[in-house]
Amino acid sequence: MKQLEYDRLEQAIGEITGMAAEEGLDFFPMRYEICPAEVLYSIGAYGMPTRFSHWSFGKAYQRMKSEYDYGLNRIYELVINSDPCYAFLLDRNTLLQNKLIVAHVLGHSDFFKHNAMFAGTDRKMVDRMAVFAERIREFEQAYGADEVELILDAGLSIQEHVDPHRRFGRKEGFSESEGGSKDVIGFIAGGSRTLQDWQREILYMLREEMLYFWPQMETKILNEGWATYWHLRLVRQLELGDAEILEFAKMNAGVVQPGAGSLNPYYLGLRMLEAIEREEGREALFEIRETESDVSFLRNYLNRAMIEEMDLFLFQREGAVYKVTDRDAAQVRDTLILQRTNGGFPYITAMDGDYHSRGELLLVHRYEGLALDRKYVDRTLPLIHRLWGRPVHLETRTESNHPLRYLCTGQYVTTE
Amino acid sequence: MHEPLFVLSQEDWSLHRKGELDQQRHSRKIKEAIKNNLADLVSEESIITSQGGRILKVPIRGMDEPRFRYDTSGKKQVGQGNGGTQPGDVLGQASPGQQPGQGKGQAGDQPGVDYYEAEITVDELAELIFEDLQLPRLKPKSETDLTVDDIRFNDIRRKGMMGNIDKRRTLMEAVKRRALSGYTGAGPDEPAASGPRYGAAAEARFPAAGGDGVRPEPGMPALITNEDLRFKTWEDIRKPQSSAVVLAMMDTSGSMGSFEKYLARSFFFWMVRFLRTKYEQVQVCFLAHDTEAKQVDEESFFTKGESGGTRCSSVYELALEVLEKQYPPQHYNAYAFHFSDGDNLDSDNTATVGLVQKLLEQVNMVGYGEIRRYGLGGRLWDSMSQVEHEGFIRSVLREKSDVYRTLKDFFGESAAV
C-alpha cells in the first residue's frame, strides 16, 4: 500500500473509531494488519495466524485459494477474538471497502468483549495456539509426522464434543448420573489406558482450541447481525462521494444478500436486530448482544412478522428437486433452533469408561429428533477406538425413535 | 499511559507458506483416496469417453473429516426467498450428496458434503491405474526385435565429429600442453592480471572447424590446437524389445446387452490405453464376432453394435489365422483376450475349448472374461474350466467395478507368475 493510501486509511480508521465509541460501542484496542490475499485465506483456513499443521487445513486453504482465484469468493477481512483485537485487511481493498470493514470489525470486537458466551475465552489465544503449534511440531520430530497425524485425525473427529458451559462455573449440562460427561474429548484424554502422555497432551490442546472457537459457533447469526448493523449505521454517517455511495450499496448488498434456498446469517441477524430496534429501541439491542446466543436469540425474538418479512420457509428434497413445503412460523423457528442447537452438532456424552466392567467406552447420543448419519458413524467410531484402545459403544435412536446401538471393536462398526 | 485505540501496520508476510505445505499433505491424501476408488473410477462413463489431457472432477467419498453428524437427507430445512415464496415452489435441482441450505460457514461450523470432488486428468488417472500392470510372461523373441532405445556417451577419443567435442577435456589438454611448454599465463579458469581473461567466455572462442586454434597474441602458445581436441563417442543402448500383439476379441451377438458391451469395451478401452502408454511396440488387433468373426478397425470395434447368434469358436479360429498370417509366434509375444456373455451355441462349446488349447500353444496368455449379471456360469464357462494351462485366466464380471479387477487379473502381478 502506498504511503498516501496508508495515511488516508489511518485517518479514516481514526474517524470511524471515534464515531463508534460515541455510539456506545466498547471494543478491545484494535490491531489492523494489511496483508495480501494468500495470508488472508491461510488465516481463514486455519482460523488463526499460527496454528498446528494438519491436512484438513491444507484442504480448507486450497478451497479458499481457488475460490479467491476464480473470483467466487472474496474475503475482505478477518477478525480474531483477542485483546488487543486483531483485524486483517486485504491489501487490495479500496478505501471505501476498508471503511466498511473497519466499522464491521468494531462491531465484532465489541461483541467479543461483551457477549456472555465469550466471557470465559482466553484473549491470549493467538499466542497459545502458536505455542501448541510448536509443541506439536516437537512431537512430529520425536514420534514422526505420521504418528502425530493419527492422533490429530482421531482427536479432530471429536473436537466439537467439549463442554463449553463449564466455563461459566456451571455444573455440566447433564449430571453424571443422568447423562454422563459432555466433555467427550477430555473424558477420553483422561480415561484412556492406551494413550501416551504426548497423545493426551494433543487431545487437551485440541479441546482448548475448540473451547476458544465454540462461542463463535454459538453466536454466528447474532454476532454477524450485530457487526452488519454497525457497519451500516456508521458508514451512513460518513461523508461519502457519489461513487463511494454506489460502491457501498453494492458491497453491502453482497454481504446481506439472501441466497436462493440458503440462509445468510448476516441477513437474518441484521433484519432481526432492525425489527427489534423498531419495537423496543436501541437499548434492547445492547442488552441482547450481551446475554443471548443464537439459540436463545431465535427462541426469544424470532416472530411471525419477521419470518414473513424475511420470506423464511421450510423446504425438502422431493425426488430430484428441492421443494418448498410450508411457511408455518412456529415450525420454521423450531427447525432453525434445532439446526443451531449445540453449534449444529449432535449432543453426545461419555457415559461410562468401564462399561461391562471391561474398560469399554459407552457414548450416548442425546436424541432430539434427528438421527445420526450412519456413514459418518462408520468412519468416526474407529477413530475413537484408536484413542480408547478398547471396544466403543454408541447409544442413539433411529429416525423412527427406536433405540439403536453401534459397536466398534476396531476397524468396523456393527449394530448391537 | 493510555493505550491507543488502534494500530495499523503492514508486515512482510513472505514467509507465510504453511498453507501450501499442508495442501501437499492433503493432495497426497486425495491421491491415496483415488487409488482406493479406482475400481469405481475405471468404469465411469464420463472418463471412458474423454480425452487424455482433460481435467476430470471425480467424486471421492470419505474425503471430508469424519465426525458425528445428523442424517439430514429427507429432512426439512430452513430456506430464505426473495418474497412471496409459496409451498410447492421448486428451489432447484438436487445433486447427489449435495447438502443444501447451509449459510456461509466459517471453518468447522457447518457439516460438509460427504464427498470431495478431486480434480485429475485422464492421463494422471491412467497412470495410477496402470501403476502395477504389465504384459505378463514376456519372452525374448528373435534378434531383429532388439531395438535401439537410446544412446550413451561413454568414451573419449581424439577424432570425432565437432558436434561431439568434449569441451572440458579439450581445455584440460590445452592447459596441460601449454603448461608443459613453459607458458605460465592463466589457464582457462584462472584469470591472471597480465594475461587475457578467459572464463566462461572462452567457450565462444572454439574453432569452428578443426583449424589451427586461436592465437590471441603473437608469441604465446596457441590456445587450442588440433592435438588438444577430445571427442565424446557413444554407444547404442539396445533394449530387448520384444514385439507384442494383443488380440482384442469381443462377442457382439444379440444376447450381449448394452451393459455387457459397455463392460467389455471399458476393459478394452483401458487395455488399449495401457498398452500404448507403457509399450512402444505393441499392436492391437480387433476381432468382433457373432456367429462369424471378422477383423475390424478400432473405431468400429468400440462403437458399432451387431446382432445375431453366438458361435465363439469363430473368433478363436480367426485368431489362429491372424497369428499365423500376420504375427508369427517366433517373432511376437501374443495375447488373446475374449469377452462374452457365455451364451454360446451348445454344440460349439467343445470346439471352442479345443481352439483355446490350440491358441495357448501359440500365445503367452489367453484371458476369457465372462460378463454375467446374475446366476451361475453356462456351459461355455464349464467347458472353459476344463482348460488346464498356466497361461489361461478366466474372470467373471458382474458389475462395473469388476472391470478394474479383471484388468488386474489379466495384467497384474498374479498373471505374471
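This one's a predicted model, so the numbers in the text were calculated from it and none came from an experiment. Each chain gets a letter, A, B and so on, in the order the sequences are listed, and its residues count up from 1. Just so you know, these numbers use all the heavy atoms, side chains as well, and skip hydrogens, waters and symmetry mates.
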Legend entry - Leu338(A) versus chain B, the contacting section by heavy-atom distance below 4.5 Å: neither

Inset, instruction - Decide yes or no for Tyr70(B) and Pro346(A): does some side-chain heavy atom of the first lie under 4.5 Å from some side-chain heavy atom of the second? - result: yes

Inset, instruction - Evaluate whether atom CD of Glu399(A) has more than 12 neighbouring non-hydrogen atoms of other residues, nucleotides or ligands under 6.0 angstrom away. - result: no

Inset, instruction - Mind ranking His365(A), Glu318(A), Glu10(A), Met210(A) by heavy-atom pairs under 4.5 Å with chain B and telling me who comes out on top? - result: Glu10(A)

Inset, instruction - Start with the C-alpha distance between Asp311(A) and Gln80(B), add both sets of side-chain angles, then the distance that settles side chain to side chain contact (heavy atoms under 4.5 Å, CB included), and finish with yes or no. - result: CA-CA 6 Å; Asp311(A) 195 19; Gln80(B) 188 169 33; 5.7 Å; no

Legend entry - Heavy-atom closest pair, residues Val78(B) and Val332(A): CG2-O, 3.7 Å

Inset, instruction - Answer whether the closest heavy-atom distance between the side chains of Glu20(B) and Tyr61(A) falls below 4.5 Å. - result: yes

Inset, instruction - Would you confirm whether Arg327(A), through its side chain, and Thr85(B), through its main-chain N or O, come within 3.5 Å as a donor-acceptor pair? - result: yes

Inset, instruction - Heavy-atom distances under 4.5 Å only: say whether Asp378(A) touches chain B with side chain, backbone, both or neither. - result: neither

Legend entry - Rounded distance (nearest 0.5 Å) linking atom OG1 of Thr72(B) with atom CD of Gln316(A): 11.0 Å

Legend entry - Contact check, side chains of Tyr32(A) and Val7(B), non-hydrogen atoms, under 4.5 Å: no

Legend entry - Most contacts with chain A, counted as non-hydrogen pairs under 4.5 angstrom, among Gly84(B), Gly83(B), Ser27(B): Gly83(B)

Legend entry - Side chain / backbone / both / neither for Tyr86(A) at chain B, heavy atoms under 4.5 Å: neither

Inset, instruction - Using a strict cut-off of less than 4.0 Å between a Lys/Arg side-chain nitrogen and an Asp/Glu carboxylate oxygen, indicate whether Glu160(A) and Arg69(B) qualify as a salt bridge. - result: no

Inset, instruction - Flag the pair Asp326(A) and Lys76(B) as a salt bridge only when some basic side-chain nitrogen lies within less than 4.0 angstrom of an acidic carboxylate oxygen. - result: yes

Inset, instruction - State whether a side-chain donor-acceptor pair under 3.5 Å links Tyr322(A) with Gln77(B). - result: no

Inset, instruction - Name the member of Ile221(A), Thr335(A), Val377(A) that forms the most heavy-atom pairs with chain B at distances under 4.5 Å. - result: Thr335(A)

Inset, instruction - Decide if atom CD of Glu67(A) counts as having more than 12 heavy atoms of other residues, nucleotides or ligands within a radius under 6.0 Å. - result: yes

Inset, instruction - Drop me the distance from Thr325(A)'s OG1 to Asp89(B)'s CG, to the nearest 0.5 angstrom. - result: 11.0 Å

Inset, instruction - With side chain to side chain contact (heavy atoms under 4.5 Å, CB included) as the test, would you mind laying out the steps for His26(B) and Ser56(A) before giving the verdict? - result: CA-CA 7 Å; His26(B) 177 230; Ser56(A) 59; over 6 Å; no

Inset, instruction - Look at atom CZ of Arg374(A) and say whether more than 12 heavy atoms of other residues, nucleotides or ligands are closer to it than 6.0 Å. - result: yes

Inset, instruction - Heavy atoms only, distances under 4.5 angstrom: which of His54(A), Arg51(A), His161(A) has the most pairs with chain B? Name it, please. - result: His54(A)

Inset, instruction - Taking the side chain as every heavy atom from C-beta outward, state whether Ser53(A) and Asp22(B) have any atom pair closer than 4.5 Å. - result: yes

Legend entry - Criterion side chain to side chain contact (heavy atoms under 4.5 Å, CB included) on Arg67(B) and Gln159(A), from CA distance to verdict: CA-CA 9 Å; Arg67(B) 54 162 57 98; Gln159(A) 64 175 340; 3.8 Å; yes

Legend entry - Rounded distance (nearest 0.5 Å) linking atom CD of Glu65(B) with atom OG1 of Thr380(A): 11.0 Å

Inset, instruction - Let me know if Leu312(A) has heavy atoms under 4.5 Å from chain B in its side chain, its backbone, both or neither. - result: both

Inset, instruction - Let me know if Ile307(A) has heavy atoms under 4.5 Å from chain B in its side chain, its backbone, both or neither. - result: neither

Inset, instruction - Please report the C-alpha distance between Glu149(A) and Lys29(B) in whole Å, then the side-chain angles of each, then the deciding distance to 0.1 Å, and finally whether the salt bridge (Lys or Arg N to Asp or Glu O under 4.0 Å) criterion is met. - result: CA-CA 12 Å; Glu149(A) 188 174 280; Lys29(B) 279 206 121 55; 3.0 Å; yes

Inset, instruction - Show your reasoning for whether side chain to side chain contact (heavy atoms under 4.5 Å, CB included) applies to Leu394(A) and Phe68(B). - result: CA-CA 11 Å; Leu394(A) 171 64; Phe68(B) 293 122; 3.7 Å; yes

Inset, instruction - Ignoring hydrogens and angles, state whether a donor on the side chain of Tyr376(A) or Asp71(B) is under 3.5 Å from an acceptor on the partner side chain. - result: no

Legend entry - Close side-chain approach of Leu91(B) and Val321(A), heavy atoms under 4.5 Å: no

Legend entry - Side-chain donor or acceptor of Tyr6(A) paired with backbone N/O of Leu8(B) under 3.5 Å: yes

